[in-house]
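One-based numbering, in listed order, for ligands and for the atoms of each. The first residue in the sequence is number 1, and the count goes up from there. This structure is a prediction, so every number in the text was calculated from the model and none was measured. Values below: every heavy atom of this structure, side chains too, minus hydrogens, waters and symmetry copies.
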Amino acid sequence: MAELGRLDELPIEFRNGLTAQNLVPLWPSLRAALPYEIPSRRTRPMVWRYADIRPRLLEAGELTPIEKAERRVLVLANPGLGLENMQATPSIYIGMQLILPRETAPNHRHSPSAVRFVVEGEGGFTVVDGEKLPMERGDLILTPSGLWHEHGHEGEGPVVWLDALDLPVVYSLEASYCLEGDPQAVRNQPDASQTRYRRAGLLPYSALNRPRADYPLRRFPWRETQAALHDLAGVTDANEIVQLAYVNPETGHECLPILGFSAIMLRPGETIRPPRRSASAVLHVVEGDGQAAIDGAKLDWSDQDTLAIPTHASVEIVNRSATKTAYLFQVDDAPMQRKLGFYEEFADRRSGSMR
Ligand code: GTQ
């Protein structure tokens, strides 16, 4: 491999002339932009513990009324990427949102897409495009790009959910913005998308006579996901990962364009070693206790903790319990990478496999 020329080898007059004309020589920076074998990564393998987050969220609930927050959220920021940039991974924004009884988080819509994954509490709801969606623990709720959404809480005690947004991608494209709206007129069809689409392989007949809908199903109840995971485990070999993707039931494709969502079940005592891949990811622990080794960093996890996995990382995840099943909710940027043509999984544990 040839040694590339350094910046300080160039005459200062030449460099200053380039700078004055907003020109930059590539070769001193080429290897940084295109490193051999593996990307340069600032993202750190991380765990955020719910035991740390929860009291801080409740404190925020006392310090900041919802009117002063619009959304009362603590953002899980990866220190390797700079806390102020609010990135769990380069593409994934993760926040923990608190809503207290009878509060409302006002109606708005924005260019980034979001999902909610319910962490704790009962009585929360989100209204998406006029449809009121109940929020039970473990449910996944979609608020896709451009759709009106507002949140409320009709129950008792705190409700907390995890927000996952493709905000870092949309923001870096200078395309992130938001519109305010009046409260939505709620159609008298609560949770209708769920009712129409919940059964895989069966669609409302009228769907066949029109183009496929972008976001036909907006709520994926945990009850269904958990049952489907157990059914799948019954036909999955011990050395295979029990994992289900959340998809658009009309197209079979990922349910949002940039970020992908899946649920993983770890059988008692199971260790999984998913292939190293080009996507970054976040794992949220729905239930269970274990350890993850991410690029060699050993991170313990338990109920409601959240982990960050850099691109190209080697990953091993252990369910420490010999008797209890563990469940993980995964967010990744594989849908975007697939669309852009550079998604890869590596059979080996190091070198790239670009065709
Ligand atoms: O609930 O609409 O964590 O707009 C960040 C931006 C949540 C939301 C976030 C948002 C929301």
Does ligand 1 have any N/O pairs with the protein under 3.5 Å, and how far apart?
{"unit_1": "ligand 1", "atom_1": "1 (O)", "unit_2": "Arg71", "atom_2": "NE", "d": "2.8"}
{"unit_1": "ligand 1", "atom_1": "1 (O)", "unit_2": "Gln97", "atom_2": "NE2", "d": "3.1"}
{"unit_1": "ligand 1", "atom_1": "1 (O)", "unit_2": "Arg116", "atom_2": "NH1", "d": "3.0"}
{"unit_1": "ligand 1", "atom_1": "1 (O)", "unit_2": "His151", "atom_2": "NE2", "d": "2.8"}
{"unit_1": "ligand 1", "atom_1": "2 (O)", "unit_2": "Arg71", "atom_2": "NE", "d": "2.9"}
{"unit_1": "ligand 1", "atom_1": "2 (O)", "unit_2": "Arg71", "atom_2": "NH2", "d": "3.4"}
{"unit_1": "ligand 1", "atom_1": "2 (O)", "unit_2": "His108", "atom_2": "NE2", "d": "2.9"}
{"unit_1": "ligand 1", "atom_1": "2 (O)", "unit_2": "Arg116", "atom_2": "NH2", "d": "3.4"}
{"unit_1": "ligand 1", "atom_1": "2 (O)", "unit_2": "His149", "atom_2": "NE2", "d": "2.9"}
{"unit_1": "ligand 1", "atom_1": "3 (O)", "unit_2": "Tyr93", "atom_2": "OH", "d": "2.8"}
{"unit_1": "ligand 1", "atom_1": "3 (O)", "unit_2": "Asp163", "atom_2": "OD2", "d": "2.8"}
{"unit_1": "ligand 1", "atom_1": "4 (O)", "unit_2": "His108", "atom_2": "NE2", "d": "3.0"}
{"unit_1": "ligand 1", "atom_1": "4 (O)", "unit_2": "His110", "atom_2": "NE2", "d": "2.9"}

Practice task
Identify whether the distance between the nearest side-chain nitrogen and carboxylate oxygen of Asp163 and Arg116 falls below 4.0 Å.
Solution key: yes

Exercise for the section: For the pair Arg41 and Asp295, find out whether any cationic side-chain nitrogen is under 4.0 Å from an anionic carboxylate oxygen. Expected result: yes

Side chains of residues 197-208: which donor-acceptor partners sit under 3.5 Å, not counting sequence neighbours?
{"unit_1": "Tyr197", "atom_1": "OH", "unit_2": "Arg210", "atom_2": "NH2", "d": "3.3"}
{"unit_1": "Tyr197", "atom_1": "OH", "unit_2": "Glu250", "atom_2": "OE2", "d": "2.3"}

Practice task
Determine whether more than 12 heavy atoms belonging to other residues, nucleotides or ligands lie under 6.0 Å from atom CD of Glu180.
Solution key: no

Fill in the blank from the handout: So the side chain to side chain donor-acceptor pair (under 3.5 Å) pairs with at least one residue in residues 17-27 (sequence neighbours excluded) are none

Handout entry: Partner set under side chain to side chain contact (heavy atoms under 4.5 Å, CB included) for Arg42, not counting sequence neighbours
Key = Leu81

